[in-house]
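Please read the structure below before turning to the comments.
What you are looking at is a predicted structure, and each value in this text was computed from that prediction instead of being measured. Scope of the values below: all heavy atoms of this structure, side chains included, with no hydrogens, waters or symmetry mates.
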Amino acid sequence: MSRSLSMRGSMRARRDLPPPEKTIERLESMVDGGNFYEAQQMYKSTSARYIAAQKYSEALDILQSGALVQLKHGQVTCGGELAVLFVDTLITGELPYSEQIFDRIRKMYEAFPRVTVPHFLGDDYDDEGHQLSEAISAAKVRAESCSSFMKAAIRWSAEFGTSRNGSSELHVMLAEYIYSESPETDMTKVSSHFVRGNDPKKFASMLVNFMGKCYPGEDDTAIARGVLMYLSQGNLRDANLLMDEMNEQLKSANSEFPKTDLIQFIKYLLPTLERDAYPLFRTLRQKYKTSTDRDAVFQELLDEIAAKFYNIQRQNPLEGLFSEMFKI
């Protein structure tokens with residue numbers, strides 16, 4: 001009897017929940033009026049009621065609206081939290097990946113602020129140094145909030161989509177945001193998302209841009225890392241596309257690849273992998289070992305490339321630095 005009453009109560013609760021439009025309008029007015037924290041709590045509690053009633057569509061509408069209006073007002077932490085709750089609701093409702101949901105995620109992604117971190121260089125060093133410190137702190141918050149949201153979306157797309165790596169478009173979006181907005185550029189993270197994406201031309205543009213502002217010796221390492229990451233996934237096509245597109249862009253800018261042994265190794269490696277030529281592959285590794293030892297992860301990547309292209313099995317497959325690079 002108690003179970004029957006409970007089920008009737010649950011059904012009544014579902015019927016009693018109103019359409020979300022008025023709630024959305026009221027909460028947006030609160031945010032527009034500057035009541036960011038109070039509205040945030042109401043977004044969370046209201047959406048939770050719809051989720052409990054399995055009204056996932058309504059909950060998603062509320063959470064997306066909240067994320068967009070909070071981000072519009074520069075409330076990155078609040079907006080990012082609601083965006084993550086949007087993805088959590090997709091998982092709770094076991095909603096499959098679709099272009100419609102992707103478009104909703106993209107709208108929230110595009111709402112995250114893009115602000116160039118200023119480099120203040122004035123006479124009042126203390127004052128401007130303080131401003132720069134605040135700008136860097138704000139940039140870290142933006143990058144971390146957007147990354148948390150996009151990583152959650154990628155995990156959802158991996159579980160409820162068609163690719164075990166998650167949506168390639170979402171990987172590219174995250175790579176772009178990390179590169180453009182993080183105050184300290186982590187090229188390993190950026191590259192790991194680009195190589196699971198579907199836009200080697202955009203990756204090439206980013207690497208050409210990075211070459212123009214990085215410290216000496218970082219440019220060829222970043223290029224080699226990108227190529228080797230593609231190859232470690234067995235993706236020779238996009239590794240070649242990356243190098244070809246970079247070559248075209250550098251020519252247009254009257255520039256060229258760094259003249260280093262590491263870049264020479266990459267240029268020899270690519271055609272070698274098009275052939276059944278493991279002895280040549282091994283010879284190249286030995287000859288250029290000094291260059292490939294510059295980055296601790298390169299040897300692991302090359303071990304994985306040997307496994308992918310020549311069936312030379314790694315002793316500890318997908319362990320160590322290699323596996324860490326491709327964690328979402």
query = Which pairs count as ring-ring contact (aromatic ring centres under 6.0 Å, His included) when at least one residue sits in residues 238-261, sequence neighbours excluded?
reply = none
ask   = For residues 53-82, which residue pairs qualify under ring-ring contact (aromatic ring centres under 6.0 Å, His included), counting only residues two or more places apart or in two chains?
value = F36-H73
request  = Check salt bridge (Lys or Arg N to Asp or Glu O under 4.0 Å) between D276 and all other residues, then give those that pass, not counting sequence neighbours.
outcome  = none
Please tell me whether [X] and [Y] are part of a single hydrophobic cluster in this structure, the criterion being side-chain heavy atoms less than 4.5 Å apart.
{"X": "L231", "Y": "L241", "value": "no"}
{"X": "I91", "Y": "L85", "value": "yes"}
{"X": "I312", "Y": "I305", "value": "yes"}

message = For F112 and Y177, take the angle between the two ring planes, folded into 0 to 90°, and tell me which bin it lands in: parallel under 30, tilted 30 to 60, perpendicular over 60.
response = perpendicular
Verify the distance criterion only: is there a donor paired with an acceptor across the side chains of [X] and [Y] at less than 3.5 Å?
{"X": "Q249", "Y": "N247", "answer": "no"}
{"X": "T260", "Y": "D220", "answer": "yes"}
{"X": "E169", "Y": "S167", "answer": "yes"}

request  = Check whether NZ of the Lys or CZ of the Arg R114 lies under 6.0 Å from the centre of the six-membered ring of Y109 and within 45 degrees of that ring's axis.
outcome  = yes
Examine distances only and state if a side-chain atom of [X] and a backbone atom of [Y] form a donor-acceptor pair shorter than 3.5 Å.
{"X": "E181", "Y": "V115", "value": "yes"}
{"X": "S205", "Y": "K201", "value": "yes"}
{"X": "T92", "Y": "T89", "value": "no"}
{"X": "H171", "Y": "N165", "value": "yes"}
{"X": "S147", "Y": "E144", "value": "no"}

task = Sort out for me which residue in M108, R155, M173 forms a side-chain contact (heavy atoms from CB on, under 4.5 Å) with M150.
result = M173
Just wondering, do [Y] and [X] contact through their side chains at under 4.5 Å, heavy atoms?
{"X": "Y97", "Y": "L90", "answer": "no"}
{"X": "K289", "Y": "Q299", "answer": "yes"}
{"X": "I266", "Y": "L228", "answer": "yes"}
{"X": "I154", "Y": "R196", "answer": "no"}
{"X": "I223", "Y": "I263", "answer": "yes"}

Anything under 3.5 Å between a donor and an acceptor, one on a side chain of residues 208-217, the other on a protein residue two or more places apart or in another chain? List them.
residue	atom	partner	partner atom	Å
N209	OD1	Y179	OH	2.5

key: Derivation and outcome, side-chain contact (heavy atoms from CB on, under 4.5 Å), residues F203 and V172   = CA-CA 8 Å; F203 189 12; V172 171; over 6 Å; no
key: Charged N-O contact under 4.0 Å between R104 and D61   = yes
Review item, side-chain donor-acceptor pairs of residues 39-50, under 3.5 Å, at least two apart:
residue	atom	partner	partner atom	Å
Q40	OE1	Q70	NE2	3.1
Q40	NE2	C78	O	3.0
Q40	NE2	E81	OE1	2.9
K44	NZ	E81	OE2	2.9
S45	OG	Q41	O	3.1
S45	OG	M42	O	3.3
T46	OG1	M42	O	2.7
S47	OG	Y43	O	2.8
S47	OG	K44	O	3.1
Y50	OH	P18	O	2.3

request  = Given salt bridge (Lys or Arg N to Asp or Glu O under 4.0 Å), test R285 with D303 step by step and report yes or no.
outcome  = CA-CA 10 Å; R285 286 192 68 172; D303 285 345; 3.0 Å; yes
message = Could you walk me through whether D293 and F298 satisfy the side-chain contact (heavy atoms from CB on, under 4.5 Å) test, starting with their C-alpha distance in whole Å, then the side-chain angles of each, then the deciding distance to 0.1 Å, before giving a yes or no?
response = CA-CA 7 Å; D293 278 346; F298 283 179; over 6 Å; no
query = What pairs of residues pass the salt bridge (Lys or Arg N to Asp or Glu O under 4.0 Å) test when at least one of them lies in residues 23-41, not counting sequence neighbours?
reply = D32-K72
task = Would you check, one step at a time, whether the test side-chain contact (heavy atoms from CB on, under 4.5 Å) holds for Q313 with N311?
result = CA-CA 6 Å; Q313 295 305 313; N311 201 31; 2.8 Å; yes
